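Quick notes on the structure that follows.
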Number of protein chains: 2
Amino acid sequence: MSATPPQLKARKLPVQARSAHTLTVIFDATVQVLLRDGYSRLTTTRVAERAGVSVGSLYQYFPNKEALLAAVMGRHLDHIGEAMEQACIAGKGQDTATMAAQLVDGFMDAKLDQVGLSRALYQLPMALGRDEQAAQTTERCARAIHNMLASRKASLEAQSMAVFVVTTCLIGPMQTLLTGHEPTPENVAALRVELKQLLLGYLQQLLGETKPQPHTVNDSQ
Amino acid sequence: MSATPPQLKARKLPVQARSAHTLTVIFDATVQVLLRDGYSRLTTTRVAERAGVSVGSLYQYFPNKEALLAAVMGRHLDHIGEAMEQACIAGKGQDTATMAAQLVDGFMDAKLDQVGLSRALYQLPMALGRDEQAAQTTERCARAIHNMLASRKASLEAQSMAVFVVTTCLIGPMQTLLTGHEPTPENVAALRVELKQLLLGYLQQLLGETKPQPHTVNDSQ
DNA sequence: TTAAAAGCTGAAGGATGCTTCATATTATGA
DNA sequence: TCATAATATGAAGCATCCTTCAGCTTTTAA
């Protein structure tokens, strides 16, 4: 199922405690370097240095730099996947509000108890300057959206997080769609419909068109 | 406002038609290389080659490779920003369904009339193999979610796009939050609340707890 | 105790790729 | 027409960095 390309497979599995430790420090160092220096300055030498091991050790467990990154990302993705599966099991058969809460908390918790790694991986593409641009565009869109919504409801100042959600909740679906196989017109059309439903429901709540749905805000942790 | 770091600024602006054309072909070539060969194989030499100009020409307009990427991404972001502002203007003062439709279509159209570029930029981080992993995790989460929802509603087979939206709509907000400044606990808590509202509303529709909201599905293009 | 296995080291090979600059070509406008 | 500015060229310098490997140290288990 998880068919990892051959060049990305681990070269050797640790058998002694010593090497398991080495593997751990290499992982940690990779994340640190990613966070402190960014992807473009992540070199095998630098990782090894930060980890306090020699480059040779690194290459004992990873056939190449790419495999190292793949492993780090794989770990994180597994963590997310695990968390979501648990959340869904916990939500199974429950009421809708609980399901929603499980999904949100499951995802956010999983991301947040690996904040450093999460940030590093998201920023992976955004070498300095580019993430700045992206942030500015988000700001710009948020302003425009706030402005539009203010035409219908004056007291939006306290709702900046809601505007933020409106601004960003379309990103994930589109990103995922576009990252996969070239999207078909049918998929695109279907996605349009669903996203409109998604936003419509949320905006109606936000603009006070529906009475607040009865649900307990389950503040886990 | 758009404070581009000095090393990323264009080195020289075209004054003759000839150089304007050169700039265009360089942009196009960059996108092509990004799509065909991926980020890791995007070299200035290769871009110049594909563009049919010399490397020197490239460096006449961009101080370095990073600036080239920044420019390409900047263009795309501007396009998105522009589109969203227009959408918001069009939606201003309209009914909620229209607003939702404007936002969705505005965003999707903007992304889609630069599909190639969109895909290239999203994949930028995901050198071969890593995007595969990500896709698998999405699949995994979608299955879990489908399973959970099926405990409440049997006929979900026809709703795969809805499940997809549930699976992915949390990504954007978290990604954006984490990519910016280190998130505060207050922001995190507020986001939890909002995302639960977002999902709750959508899930209620999906599970048939609310009568379908009256809204015209505005199929632009 | 000791041979074999596992793990570690880091200098150096080799490849790649960014960037420069001296030179050549083309365009402008007086 | 001609001087000047704009633009284009691409070989080569320079730096970086991935990766290997022969030898050394530590652990295992017999």
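Please read all numbers here as calculations on a predicted model, not as lab measurements. Labels below follow one simple rule: chain letters A, B, ... track the order of the sequence lines, proteins then strands, and each chain is numbered from 1. Basis for what follows: all heavy atoms, side chains included, without hydrogens, waters or symmetry-related copies.
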What is the distance from atom SG of B/Cys141 to atom CD of B/Gln136, rounded to the nearest 0.5 Å? 12.0 Å
Side-chain ion pair, B/Lys196 and A/Asp105, N-O less than 4.0 Å: yes
Can a salt bridge be assigned to the pair B/Arg143 and A/Glu85 using a cut-off of 4.0 Å between side-chain N and carboxylate O? no
Rounding to an integer number of Å, can you tell me how far [X] [atom1] sits from [N] [atom2]?
X: B/Gln16; N: D/dT7; atom1: CD; atom2: C1'; value: 6 Å
X: B/Phe62; N: C/dT20; atom1: CZ; atom2: P; value: 15 Å
X: B/Asp37; N: C/dT16; atom1: CG; atom2: P; value: 15 Å

Can you name the closest pair of heavy atoms from [X] and [Y] and give their distance?
X: A/Val163; Y: A/Ala142; value: CG1-O, 3.6 Å
X: A/Arg119; Y: B/Thr179; value: NH2-O, 4.3 Å
X: B/Gly172; Y: A/Ile171; value: CA-CB, 3.9 Å

In residues 18-29 of chain A, which ones come under 4.0 Å of DNA chain C, going by heavy atoms? A/Arg18, A/Ser19, A/Thr22
Would you call the rings of B/Phe27 and B/Phe62 parallel, tilted or perpendicular, taking 30° and 60° as the class edges? perpendicular
Could you run through nucleotides 9-18 of chain D and give me one letter per nucleotide, 5' to 3': B if any protein heavy atom sits under 4.0 Å from the base, S if only the sugar-phosphate is that close, - if neither? BB------SS
Those residues at least two apart in sequence (or on a different chain) that pass side chain to side chain contact (heavy atoms under 4.5 Å, CB included) with B/Asn187 are A/Met161, B/Leu177, B/Thr184
